[in-house]
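All values below were derived from every heavy atom in this structure, side-chain atoms included, with hydrogens, water molecules and symmetry-related copies excluded.
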Amino acid sequence: MAILKELDKLFRSQVKKHHVPGASLAVLRNGRIVATAAAGVVNLDTQVKTTPDSAFQIGSISKPLTGTLIMQLVDEGALSLDEPVSTYLPEFRIARYDVSQSVTIRQLLSHTSGIDGDFFVDSGRGDDAIARLVDKSTMVPSLFNPGAMMSYCNLGYAVLGRVIEVLRGKSYDQVLLQYLFNPLGMKQAFSRPEDSLRFSCAVGHVQSTRKPDTWYVSRTPYLTFGQKAAGSTPTMSASDLLSFAQMHLNKGKSRSGEQILKSASVKAMLKPQVKMQKHSPNAIGNWGLSWFLMNYNGEKLFGHDGATIGQFAFLRILPEKNMAIAMLTNGGDAKGLYKAMFDELLGSLAKVTEPELPVPADRQPNLDTYAGSYENIQSRIDLSVKNGRLMIDVVHKDSGISTIPADTSLTFIDKHTARMNSGNPILDRTTALFSGYDGQDKPEYLQTGLRQHLRTSS
């Protein structure tokens, strides 16, 4: 098709337009890679050019990989999704003892555990990094009771990684290589940072605070190694990521015909576990077992996004079209590039694009009911009414620094959904979702970036 013939040219222009240092993209249709594209550089300091084989950190797209490793254990009868985690990790503890004893594997996979999971303490660099991080989690709080709602939980996937290690008797890195990378023929894929020496690898780039359109190489190449099962270290090419996607499209079989995962388990991973709030990011309607479950005006998709320090990854899979697209980036306005490229590709190849959020409502709700502070383990969000506007400030708890521009406000689409107004196009794609209203019609929870914040003051 014409779009595929012009893909290189289009991709180069959009990468430049969105100030992305380097990016790689691949398209899978009917069981084969039909197009790849690469643009920019993997590292602004070295100026090494990006190629289709360049490896990028995939961030939280690692979660479906971890979910697949868990489902392989289910296939073998070594694990049950509805058993408490404590069955397999008797030593597992968080701040709430009752949750430590009762939270299930299924609830960790579907982010419904209630555990406040953005827990990124340094746990070392060895094969015991996951075990050490889980051991350090004894004071991690909960936002709600297990199963009550959804909030994105990285710690939950670290715990799943530890379950995999215990049941397999091997490190997570070894299991990932033996049970996924090797049988799927993923040649530019690894999770041990030292293996980066063998490949053309992208490094993350972060934005200058003084020059918004300037990006520089991050001095921190990785998030804590203890979170590798959640996405801190797995790295691969866009084509290798599509080898994983193809297995899920092909009822659990690799391209060579090897049964990597039972077809029943592939199907189970796509069964909705929790309904998402209307206008959740990326048109996510439900959450499966590790997967986003999306609906683009009648077309069902599944996939995941990923983000590490200055690297951003995107995967969309269309089962009815037997098609998937993967894009990996190392900085800049990655979400803007995603929107431009995926709308163009999905529109041309599948006649579908991601739904747009509605425009703000003419009549705004009573802003006073939303004012107050909302918190989780990572940040505090303060909302206040000033001159008829609902102002928002987001403070990172570790640094005490505000992470958004001053004079940023929220404008409501409906009673439960608002969009940020900061003047920064990257930030202004963020939505704030309110839920759990009390007897005074005040929301108890504020969701941003798929994470819940609990109201702590009015």
Side-chain angles (χ1 to χ4, degrees), residues 60 62-63 66-67 69-71 73-74 78-176 223-233 273-274 287 289-290 375-380 397-398 445 450-454 456:
S60 286
S62 305
K63 290 181 172 70
T66 297
L69 295 175
I70 286 287
M71 296 305 292
L73 290 165
V74 172
L79 178 148
S80 172
L81 294 181
D82 295 310
E83 276 291 311
V85 173
S86 58
T87 301
Y88 311 103
L89 296 180
E91 70 280 11
F92 171 59
R93 294 288 185 277
I94 59 168
R96 280 183 55 177
Y97 180 77
D98 61 328
V99 174
S100 305
Q101 294 299 299
S102 65
V103 67
T104 66
I105 299 292
R106 185 186 300 276
Q107 288 166 340
L108 295 184
L109 284 170
S110 58
H111 299 281
T112 57
S113 70
I115 299 171
D116 197 351
D118 279 334
F119 186 62
F120 287 94
V121 300
D122 185 3
S123 60
R125 295 172 174 266
D127 285 348
D128 63 346
I130 296 177
R132 289 167 62 88
L133 182 116
V134 173
D135 286 346
K136 291 174 178 284
S137 69
T138 55
M139 296 307 294
V140 172
S142 294
L143 290 163
F144 50 83
N145 290 329
M149 57 194 304
M150 179 270 176
S151 185
Y152 200 77
C153 181
N154 281 295
L155 178 59
Y157 273 78
V159 174
L160 291 169
R162 183 59 185 150
V163 169
I164 291 166
E165 290 184 329
V166 169
L167 294 183
R168 290 293 185 200
K170 301 177 180 181
S171 73
Y172 179 82
D173 298 309
Q174 291 172 313
V175 175
L176 200 55
L223 293 164
T224 176
F225 292 4
Q227 285 283 12
K228 63 180 64 179
S232 64
T233 66
Q273 304 295 310
V274 58
W287 210 285
L289 296 175
S290 302
E375 300 186 46
N376 63 21
I377 196 172
Q378 187 178 62
S379 60
R380 187 186 75 246
K397 286 188 172 181
D398 284 347
Y445 289 94
L450 299 169
R451 292 157 172 83
Q452 299 293 346
H453 296 71
L454 178 64
T456 54

With a 4.5 Å cut-off on side-chain heavy atoms, are [Y] and [X] touching?
X      : Y      : result
Thr112 : Pro146 : no
Gln452 : Asn376 : no
Leu73  : Arg168 : yes
Phe92  : Val103 : yes
Glu165 : Val175 : no
Leu160 : Leu109 : yes
Leu79  : Ile70  : yes
Ser137 : Arg93  : no

I'd like to know if the side chain of Ser290 pairs up with that of Tyr157 as donor and acceptor (distance under 3.5 Å, no hydrogens or angles considered). yes
No-hydrogen, no-angle side-chain donor-acceptor test under 3.5 Å, Glu375 and Thr456: yes
Taking ring pair (Phe, Tyr, Trp, His ring centres under 6.0 Å) as the definition, give me every residue that meets it alongside Phe119, ordered by chain and number, with sequence neighbours left out. none
Taking NZ, NE, NH1 and NH2 as the nitrogens, is one of them in Glu83 or Arg106 under 4.0 Å from a carboxylate oxygen of the other?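 Arg106 and Glu83: not salt-bridged.
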So how far is it from [X] [atom1] to [Y] [atom2], rounded to the nearest 0.5 Å?
X      : Y      : atom1 : atom2 : value
Cys153 : Leu108 : SG    : CG    : 7.0 Å
Thr224 : Lys136 : OG1   : NZ    : 9.0 Å
Asp398 : Asp118 : CG    : CG    : 10.5 Å
Ile105 : Ser80  : CD1   : OG    : 9.0 Å

Where the side chain of [X] meets the backbone of [Y], is there a donor-acceptor pair that is under 3.5 Å apart?
X      : Y      : value
Ser113 : Ile115 : yes
Thr66  : Ala229 : yes
Ser151 : Arg451 : no
Thr104 : Gln107 : yes

Which heavy-atom pair separates [X] from [Y] by the least distance, and what is that distance?
X      : Y      : result
Ser123 : Ala129 : OG-O, 2.8 Å
Ser100 : Ser86  : O-CB, 3.8 Å
Ser232 : Leu223 : CB-CB, 3.7 Å
Asp116 : Val140 : O-CG1, 3.3 Å
Pro84  : Gln101 : CB-O, 3.3 Å
Pro141 : Ile377 : CD-CD1, 4.0 Å

Name the residue from Val85, Ile94, Asn145 that meets the side chain to side chain contact (heavy atoms under 4.5 Å, CB included) definition with Val99.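 Per the side chain to side chain contact (heavy atoms under 4.5 Å, CB included) rule, the option paired with Val99 is Ile94, out of Val85, Ile94, Asn145.
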Angle class for the His111/Trp287 ring planes (parallel below 30°, perpendicular above 60°, tilted otherwise)? perpendicular
Checking Lys63 against Asn154 for the side chain to side chain contact (heavy atoms under 4.5 Å, CB included) test, could you report, in this order, the C-alpha distance in whole Å, the side-chain angles of both residues, the deciding distance, and whether it holds? CA-CA 9 Å; Lys63 290 181 172 70; Asn154 281 295; 2.7 Å; yes
Not counting sequence neighbours, which residues clear side-chain hydrogen bond (donor to acceptor under 3.5 Å, both in side chains) with Gln174? List them please.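 Once residues adjacent in sequence are excluded, the partners of Gln174 under the side-chain hydrogen bond (donor to acceptor under 3.5 Å, both in side chains) criterion are Ser171.
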Derivation and outcome, side chain to side chain contact (heavy atoms under 4.5 Å, CB included), residues Tyr97 and Ser102: CA-CA 9 Å; Tyr97 180 77; Ser102 65; over 6 Å; no
Validate the cation-pi geometry between Lys228 and Tyr172: distance from NZ or CZ to the six-membered ring centre under 6.0 Å, angle to the ring axis within 45°.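 Checked: cation-pi criterion not met.
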Output, in order, the C-alpha distance, side-chain angles, deciding distance and verdict of side chain to side chain contact (heavy atoms under 4.5 Å, CB included) for Phe225 and Leu133. CA-CA 9 Å; Phe225 292 4; Leu133 182 116; over 6 Å; no
Met71/Leu81 under side chain to side chain contact (heavy atoms under 4.5 Å, CB included): CA gap, chis, key distance, verdict: CA-CA 9 Å; Met71 296 305 292; Leu81 294 181; 3.9 Å; yes
